[in-house]
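Order of the sequence lines sets the chain letters (A, B, ...), proteins ahead of strands, with each chain counted from 1. Note that these values count all heavy atoms, side chains included, but never hydrogens, waters or copies made by symmetry.
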2 protein chains.
Amino acid sequence: MEKYLAVLKEYHFKITPRRKAVLELFLRQKRYLGPYEIKQMLGKASLEVGLPSIYRILEELEGAGILIKIEHSSRRLYYSLCRKPHIDHHHFVCSKCNRVEEVEFCNFSEISSFIEEKLNAKVQHHSLRIEGLCSQCRRKKSL
Amino acid sequence: MEKYLAVLKEYHFKITPRRKAVLELFLRQKRYLGPYEIKQMLGKASLEVGLPSIYRILEELEGAGILIKIEHSSRRLYYSLCRKPHIDHHHFVCSKCNRVEEVEFCNFSEISSFIEEKLNAKVQHHSLRIEGLCSQCRRKKSL
DNA sequence: CTATAAATAGAAATCATTTCTATTTACATT
DNA sequence: AATGTAAATAGAAATGATTTCTATTTATAG
Ligand SMILES: [Mn+2]
Ligand SMILES: [Mn+2]
Ligand SMILES: [Zn+2]
Ligand SMILES: [Zn+2]
């Protein structure tokens, strides 16, 4: 937690109860959370936070490299703690239960240089999304 | 065109003026089009088509493998003709002008088996999005 | 030609996200 | 500790892409 508050200070963000509460939530729940879900969880802990504030805080934390965002195929936004900054964050999404897992492995350099040559473009970022059945759903399916 | 109408028949879709008009549009414009843009272009050609119809037709054509969809980071949907069915359709999106180009090259098998082992999951699909500057925007930037 | 299921238009609803503005708060500075 | 100020926030309202609903029209099989 202290580590993250320090990052916030670096970025000249004030340390507010809402920002701390959102951070704590992500530290406790080690998974992807959506804005409304976050509002509800904070509400249960008796901290009412407006949705616009939540959206803003999530964006700020993402900008500071604390959270990573995933645009789910349901077209909703989800965020989770960024365990390792400065590495690629790719995702495996279960097509059955929507669970999201991070994928670190990625051999991208070959594709990247292929594209720069073929399209004469400058590659900046890339993101890989893998869809399939997570271990749980895979098991259920075969029952 | 005949080729695509045959596919529609295969899928038991009726050949209607709207569906033909949408297909013709994609055959003429060799690029990604959004639903509203499509409505406007058809309107100029004096064929009024409701947006719900356009959304439905696009989904149907995608289901039949005629169109491919991209969920743009603007969170809007775009479609373009699928030149080669049964191959991966990955995308390069210009972060400046939003131009979309298809990327066929993809060495995915290594990542796929890594994930299946590591997560004990079953991989079904994958999509790769590369962002950067297209050749035109790259040139402008250096001017 | 007719019957019928599919396709369509248009209005309305949905709903995640964003914008706006008045009020409150963190915290740097006295 | 008190104060001033920019930043943060709530809440209401707007936005806007997409979807739903339903009455009407149409493609096409027989
Ligand atoms: Mn990567
Ligand atoms: Mn691929
Ligand atoms: Zn699952
Ligand atoms: Zn460009």
Side-chain angles (χ1 to χ4, degrees), chain A residues 1-2 4-25 32-43 45-64 66-67 69-79 98 100, chain B residues 2 4-25 32-43 45-64 66-67 69-79 98:
Chain A
M1 173 55 118
E2 293 310 316
Y4 295 113
L5 296 184
V7 174
L8 283 185
K9 278 188 181 155
E10 259 182 56
Y11 280 78
H12 302 293
F13 288 126
K14 292 180 179 173
I15 309 300
T16 69
R18 325 272 140 175
R19 289 195 179 123
K20 272 203 273 189
V22 170
L23 271 175
E24 273 165 8
L25 196 59
Y32 280 79
L33 300 170
Y36 188 69
E37 191 178 8
I38 291 170
K39 178 183 172 61
Q40 294 209 309
M41 296 173 101
L42 295 179
S46 305
L47 182 67
E48 294 303 331
V49 187
L51 269 177
S53 297
I54 291 177
Y55 276 94
R56 192 178 17 75
I57 290 170
L58 291 173
E59 260 183 18
E60 290 160 353
L61 294 180
E62 189 204 1
I66 294 172
L67 298 182
K69 174 171 74 173
I70 180 175
E71 293 167 12
H72 197 270
S73 46
S74 67
R75 333 201 73 238
R76 292 197 205 95
L77 296 176
Y78 289 90
Y79 292 84
N98 286 332
V100 178
Chain B
E2 292 311 316
Y4 295 112
L5 296 184
V7 174
L8 282 185
K9 278 190 180 154
E10 259 181 57
Y11 280 78
H12 303 296
F13 288 126
K14 293 180 180 172
I15 310 301
T16 68
R18 326 272 140 172
R19 289 194 178 122
K20 273 202 273 188
V22 170
L23 272 175
E24 273 166 8
L25 196 58
Y32 281 80
L33 302 170
Y36 188 68
E37 190 179 9
I38 291 170
K39 178 184 171 59
Q40 294 208 310
M41 294 172 102
L42 294 180
S46 306
L47 183 66
E48 294 303 331
V49 188
L51 269 177
S53 297
I54 290 176
Y55 276 94
R56 190 177 19 74
I57 290 170
L58 291 172
E59 259 183 19
E60 290 160 351
L61 295 180
E62 189 204 1
I66 294 172
L67 298 182
K69 174 171 74 175
I70 181 175
E71 292 167 14
H72 198 268
S73 48
S74 68
R75 330 199 76 240
R76 292 196 203 96
L77 298 176
Y78 289 89
Y79 292 83
N98 286 329

Under the side chain to side chain donor-acceptor pair (under 3.5 Å) test, residues paired with B:S74 that sit two or more places apart: B:H72

Test ring-ring contact (aromatic ring centres under 6.0 Å, His included) applied to A:Y79 - qualifying residues, sequence neighbours left out: none

Pairwise distance CD1(A:I38) to OH(A:Y78) - rounded to 0.5 angstrom: 10.5 Å

Between P of C:dC15 and CZ of B:R75, the distance in whole Å: 15 Å

Gap between atoms CG and C1', on A:L47 and C:dT25 respectively (whole Å): 14 Å

Side-chain donor or acceptor of B:K39 paired with backbone N/O of B:V49 under 3.5 Å: yes

Partners meeting side chain to side chain donor-acceptor pair (under 3.5 Å) with B:E2 (sequence neighbours left out): none

First and last nucleotide of DNA chain D, 5' to 3', lying under 4.0 Å from heavy atoms of chain B: D:dA17 to D:dT28

Residues touching DNA chain C, which here means a heavy atom under 4.0 Å, drawn from residues 6-19 of chain B: B:F13, B:K14, B:T16, B:R18, B:R19

A:A21: partners by side-chain contact (heavy atoms from CB on, under 4.5 Å), with sequence neighbours left out: A:L42, A:L47

Selection: residues 49-57 of chain B, any non-hydrogen atom under 4.0 Å of DNA chain C: B:V49, B:G50, B:P52, B:S53, B:R56, B:I57

Partners passing side chain to side chain donor-acceptor pair (under 3.5 Å) against A:R19 (at least two apart in sequence or in another chain): A:E60

Partners passing side-chain contact (heavy atoms from CB on, under 4.5 Å) against B:Y4 (at least two apart in sequence or in another chain): B:L23, B:L27, B:I66, B:L81

Test item: A:R75 side-chain N/O and B:R75 main-chain N/O as donor-acceptor pair under 3.5 Å: yes

Heavy-atom check, side chain of B:L25 versus side chain of B:L33, under 4.5 Å: yes

The helix from C:dC1-D:dG30 to C:dT30-D:dA1: angle between end helix axes, five pairs per end, rounded to 10 degrees: 30°

Residue list, salt bridge (charged side-chain N to carboxylate O under 4.0 Å, His left out) with A:E24, at least two apart or on another chain: none

Comparing B:K39 and A:R76 on DNA chain C - which has the more 5′ nearest nucleotide: B:K39

A:Y36 OH - C:dT18 C1' separation (whole Å): 18 Å

Nearest-0.5 Å distance, CD of residue A:Q40 to CD1 of residue A:I54: 9.5 Å

Those residues that, when tested against B:E48, pass side chain to side chain donor-acceptor pair (under 3.5 Å) (two or more places apart): none

